[in-house]
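As the structure is a computational prediction, the values presented were derived from the model and not from experiment. Each residue takes its place number in the sequence, starting with 1.
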Amino acid sequence: MLTNKRMGLVLSKPVFQKLGVFLAFAFLLTGCSPKLDWRTVQSPQEGYSTLFPGKPEKIERRLPYQNQDIPQTLEAVKIEDDIYSVSTIHLSKDQAALAPKLLEQLQGNLLNRANVNLESAVSVDAQYQTTNRQRLSTKDYFLEFKSSGAVEQSMRVRWITRLAPDNGIWIYQISVLHTAPARVDAKKFFSEEAYSNFFDEFHPE
C-alpha cells in the first residue's frame with residue numbers, strides 16, 4: 001500500500017478545468033434525490049465497496065495527463081444540499097510513478113479553493129477498513145470554500161491510495177460537498193452520523 005505524503009503543488013490549469021467539468025457534469029446527472037436510502041454499492045472494476053445514501057450515477061472518462069491516458073470513474077448521488085461521491089483514478093503498472101504528483105495535484109484542486117494546505121487544513125486522524133478487514137490509518141479534511149455571496153460550500157474529503165491487482169495504483173477521493181445559503185462549521189457539521197457512515201463504510205480491496 002502507498003501512503004499519502006504531505007504535498008502542496010497547485011493543480012495545472014488544464015487538468016483543473018477538466019476535473020471541474022467532470023464533477024459538474026456528474027452533479028447535474030444526479031439531480032434531486034429522496035432523503036437517505038442507504039444501500040451497499042459494489043464496484044469491483046474500481047476495487048471497492050461502499051455505502052451510498054441513494055442510488056448513485058456512474059460516469060467514466062479518460063483523463064489526459066502528461067501525455068498519457070488515465071481512466072477515471074466517478075460515482076455520485078445528490079441528497080438535498082449534499083453530494084456524496086467517490087472518485088477513482090487507476091494508474092497502470094507503467095504509470096504508477098505518476099501517483100505522488102497526481103495525488104498532490106488532486107489535493108491542491110480542493111485545498112487551494114479553501115485557501116489552505118495539508119498542514120493548515122482542519123483535519124482528524126481516521127481509519128478505514130479494507131474488504132479483507134485490515135484497518136489502516138488515513139486523514140479526513142474539513143474544508144470551507146471561499147464564499148460566492150449567493151451560496152456557501154463546505155466539504156469533508158479523504159484520499160486513499162492502494163496497490164491494484166495489476167501492480168498499478170488506485171487513487172480514491174471520497175467526499176461529501178454541502179451547498180447551502182448559510183455557512184456551517186465543517187468539522188462539526190460533517191461529524192454527524194449520516195456523513196460518518198459514508199466514510200466509515202468505504203472499503204477498498
Aromatic rings Tyr172 and Phe202: how do their planes relate, parallel, tilted or perpendicular, breaks at 30° and 60°?
-> perpendicular
Determine whether the side chains of Asp82 and His178 contain a donor N or O and an acceptor N or O closer than 3.5 Å.
-> yes
Is there a donor-acceptor contact under 3.5 Å linking the side chains of Thr130 and Asn132?
-> yes
Atom CG of Leu74 and atom CD of Gln72: how far apart are they, to the nearest 0.5 Å?
-> 7.5 Å
Do Leu136 and Thr138 have side chains that get closer than 4.5 Å, going by heavy atoms?
-> no
Exam field: side chain Ser196 to backbone Ser191, donor-acceptor pair closer than 3.5 Å = yes
Contact summary for Arg39 and Asp37, nearest pair of heavy atoms | NH2-OD2, 2.7 Å
Is the backbone N or O of Val116 less than 3.5 Å from a side-chain atom of Ser120, with the two atoms forming a donor-acceptor pair by type?
-> no
If you take all heavy atoms of Ile174 and Phe198, which pair is closest and at what distance?
-> CG2-CE2, 3.6 Å
Determine whether Leu91 and Ile171 make a side-chain contact, defined as any pair of heavy atoms from C-beta on separated by less than 4.5 Å.
-> yes
pair Asn115-Lys146: side-chain heavy atoms closer than 4.5 Å | yes
Crowded around Gln45 CD? As in, over 12 foreign heavy atoms under 6.0 Å?
-> no
Answer yes when Glu205 and Arg162 have at least one side-chain N-carboxylate O distance shorter than 4.0 Å, and no when they do not.
-> no
Electrostatic pair Arg62-Asp69, nearest N-O below 4.0 angstrom = yes
Side chain to side chain contact (heavy atoms under 4.5 Å, CB included) between Ile70 and Leu102, worked out | CA-CA 11 Å; Ile70 298 173; Leu102 181 54; 4.3 Å; yes
Are side-chain heavy atoms of Thr40 and Thr50 found at a separation under 4.5 Å?
-> no
Are Ser147 and Glu152 close enough that a side-chain donor and a side-chain acceptor fall under 3.5 Å?
-> yes
Give the minimum heavy-atom separation between Ala121 and Leu111, together with the two atoms involved.
-> CB-CD2, 4.3 Å
Step by step, work out the side chain to side chain contact (heavy atoms under 4.5 Å, CB included) result for Gln173 and Val86.
-> CA-CA 6 Å; Gln173 178 178 293; Val86 176; over 6 Å; no
All heavy atoms of Val184 vs all of Glu144, minimum pair found to be O-OE2, 3.2 Å
Rounded to the nearest 0.5 Å, how far apart are CD of Glu201 and OH of Tyr48?
-> 14.5 Å
Is the charged tip of Arg156 near the ring of Phe199: under 6.0 Å from the six-membered ring centre and within 45° of its axis?
-> yes
Test of ring centre spacing under 6.0 Å for Tyr141 and Trp159 = yes
Aromatic contact, Phe52 with Tyr84 (centres under 6.0 Å) = no
From His203 atom NE2 to Leu51 atom CG, the distance as rounded to the nearest 0.5 Å = 8.0 Å
For Arg135, does the CZ atom sit with more than 12 other heavy atoms under 6.0 Å from it, leaving out its own atoms?
-> yes
So the ring-ring contact (aromatic ring centres under 6.0 Å, His included) pairs with at least one residue in residues 86-118 (sequence neighbours excluded) are His90-Trp170
Looking only at heavy atoms, what is the nearest atom pair of Gln105 and Tyr65, with distance?
-> OE1-CE1, 3.0 Å
Verdict with supporting geometry, Ile89 and Leu106, side chain to side chain contact (heavy atoms under 4.5 Å, CB included) | CA-CA 10 Å; Ile89 289 176; Leu106 290 171; 3.7 Å; yes
Gln153 versus Arg113, side-chain donor and acceptor atoms under 3.5 Å = yes
Closest non-hydrogen atoms of Thr161 and Tyr128, given as atom of the first, atom of the second and distance, are O-OH, 4.4 Å
Report the distance from atom NZ of Lys139 to atom CD of Gln127, rounding to the nearest 0.5 Å.
-> 12.5 Å
Here the gap from Asn112 atom CG to Gln107 atom CD, rounded to the nearest 0.5 Å, amounts to 11.0 Å
Considering only NZ, NE, NH1 and NH2 on the basic side and carboxylate oxygens on the acidic side, decide whether Lys58 and Glu46 come within less than 4.0 Å.
-> yes
Supply the atom-to-atom distance Ser154 OG to Phe142 CZ, rounded to the nearest 0.5 angstrom.
-> 10.5 Å
Given Ser85 and Glu75, is the side chain to side chain contact (heavy atoms under 4.5 Å, CB included) satisfied, shown in steps?
-> CA-CA 6 Å; Ser85 66; Glu75 290 196 90; over 6 Å; no
Report whether Val151 and Leu143 are members of the same hydrophobic cluster (ILVMFWY, side-chain heavy atoms less than 4.5 Å apart, transitive linking).
-> no
Tell me, yes or no, whether the heavy-atom count around Glu193 atom CD, taken from other residues, nucleotides or ligands under 6.0 Å, exceeds 12.
-> no
Under 3.5 Å, is there a donor-acceptor pair linking the side chains of Gln68 and Gln95?
-> yes
